[in-house]
> 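Let me begin by handing over the structure; questions about it come next.
Just so it is clear, the values below take in all heavy atoms, side chains as well, and ignore hydrogens, waters and symmetry mates.
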Protein chains: 2
Amino acid sequence: MTFDDIKGMDLAYEEALKGFNEGGVPIGSVLIHKDGTVISRGHNMRVQKNSMTLHAEISCLEATNRVPASITKNCTLYSTLSPCSMCTGSALLFKIPRVVIGENETFMGAEDWLAKNNVEVINLKDARCKDLMDKFIAKHPEIWNEDIGE
Amino acid sequence: MTFDDIKGMDLAYEEALKGFNEGGVPIGSVLIHKDGTVISRGHNMRVQKNSMTLHAEISCLEATNRVPASITKNCTLYSTLSPCSMCTGSALLFKIPRVVIGENETFMGAEDWLAKNNVEVINLKDARCKDLMDKFIAKHPEIWNEDIGE
Ligand SMILES: [Ca+2]
Ligand SMILES: [Ca+2]
Ligand SMILES: [Zn+2]
Ligand SMILES: [Zn+2]
């Protein structure tokens, strides 16, 4: 964990909190270049945009408006929750070399697929991220289940 | 291959052609229930929406406006081209059991990951799909490379 990883997760958590306050699934994501530039931010838009594909990481990548892999291959993707198979696949497609997650207790994504492709995965075990998900899931278990294809 | 697979690929090719005529990456996708209902359709929107995440398959899923996995687990996903890791991951997330592709000569996606997860993959080796991609890539190699993270 580096200073940047703490900052990155703070921003991802801010995004998750925005989503929570909008009544949405509280997962946030940020893409940060190794030079420290915040490339983009996003949060899950299932509820807000009636979308099954705008997970936090996809929203974050979408917000870049077509950043090339020459940029993404020098970035870390932060997500408050372990990335599902779709979001993992997007990280692999765009050759993102590092993924830092808030937690994987609420949901264990495709971390094995990231590891197998030599993507560095760091779990910050951030209690804020899990607490926010716990609060959301207690109120809206059906929306959460839909989000993870259950 | 079934009658429905030919029909499914015809619709996916129509989508790819729409994309081509819009000046976009000519890849199309259709989601069809096993009862024959066409659930949704879409095509790659990289150029049209300045998007790095709206691949054909993601556009197609997005067009459903939140169909639950209880539906998608009874569907076939058609794509004119072998699905990249992101689109493969979306098929796995939503428990889609069958993926029918037009071709995988232009690009070999994450078919191994589909197979490993017991998703049936059928390659129709459809020359129309490859011809359209050849035409696009000859004119816009840089846009195509961007689409696959090169
Ligand atoms: Ca939508
Ligand atoms: Ca866009
Ligand atoms: Zn996801
Ligand atoms: Zn794709």
> Side chains of T88(A) and M86(B): closer than 4.5 Å at any heavy-atom pair?
no
> Of the non-hydrogen atoms in L92(A) and S85(B), which two are nearest, and what is the gap between them?
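Shortest heavy-atom contact: CB-OG, 3.9 Å.
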> Rounded to the nearest 0.5 Å, how far apart are CE of M52(A) and OG1 of T72(B)?
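Those atoms lie 5.5 Å apart.
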> What about F107(B) and Y13(B), same hydrophobic cluster or not, with Ile/Leu/Val/Met/Phe/Trp/Tyr joined at side-chain heavy-atom distances under 4.5 Å?
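Same hydrophobic cluster.
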> Nearest 0.5 Å please: distance from the CG atom of N50(B) over to the CD atom of E62(A).
8.5 Å
> Determine the option with the most heavy-atom pairs under 4.5 angstrom with chain B, choosing from K73(A), E150(A), E146(A).
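The candidate making the most pairs under 4.5 Å is E146(A).
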> Same cluster or not: are V47(B) and L81(B) linked, directly or through other Ile, Leu, Val, Met, Phe, Trp or Tyr residues, by side-chain heavy atoms under 4.5 angstrom apart?
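Yes, V47(B) connects to L81(B) through the hydrophobic network.
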> For S51(B) and R66(A), run side chain to side chain contact (heavy atoms under 4.5 Å, CB included): C-alpha distance rounded to whole Å, both residues' side-chain angles, the deciding distance at 0.1 Å, then the answer.
CA-CA 6 Å; S51(B) 168; R66(A) 280 173 69 179; 5.8 Å; no
> For atom CD of E105(A), decide whether the heavy atoms of other residues, nucleotides or ligands shown that lie under 6.0 angstrom number more than 12.
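No, CD of E105(A) has 12 or fewer neighbouring heavy atoms, counting only those of other groups under 6.0 Å.
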> Examine whether an atom of S70(A) lies under 4.5 Å from a heavy atom of chain B, and if so say whether it belongs to the side chain, the backbone or both; otherwise answer neither.
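Contact with chain B is absent: no heavy atom of S70(A) under 4.5 Å.
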> Can you say whether N145(A) sits under 4.5 Å from chain B via the side chain, the backbone, both, or neither, judging by heavy atoms?
neither
> Can you get from I58(B) to M133(B) by hopping between Ile, Leu, Val, Met, Phe, Trp and Tyr side chains that sit under 4.5 Å apart?
no
> Just how far is it from atom CZ of F94(A) to atom SG of C84(B), taken to the nearest 0.5 Å?
7.0 Å
> On the 0 to 90° scale, with breaks at 30° and 60°, tag the W113(B)-W113(A) ring pair as parallel, tilted or perpendicular.
parallel
> Is it the backbone or the side chain of A110(A) that comes under 4.5 Å from a heavy atom of chain B, or both, or neither?
side chain
> Report yes or no: do F20(A) and I143(A) belong to one cluster of Ile/Leu/Val/Met/Phe/Trp/Tyr joined by side chain heavy-atom distances under 4.5 Å?
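Linked, F20(A) and I143(A) end up in one cluster.
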> How far does OG1 of T53(B) sit from CD of E57(A), to the nearest 0.5 angstrom?
12.0 Å
> Looking at L61(B), N117(B), L54(B), which has the largest count of heavy-atom pairs under 4.5 Å with chain A?
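Going by pairs under 4.5 Å, I would pick L61(B).
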> Rounded to the nearest 0.5 Å, how far does CG of N65(A) lie from CZ of R46(B)?
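R46(B) CZ to N65(A) CG: 11.0 Å, rounded to 0.5 Å.
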> Ignoring hydrogens, what is the shortest heavy-atom contact between A69(B) and G149(A)? Give both atom names and the distance.
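The answer is CB-O, 3.2 Å.
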> Should L11(B) and V25(B) be counted in the same cluster of Ile, Leu, Val, Met, Phe, Trp and Tyr side chains packed under 4.5 Å apart?
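No, separate clusters.
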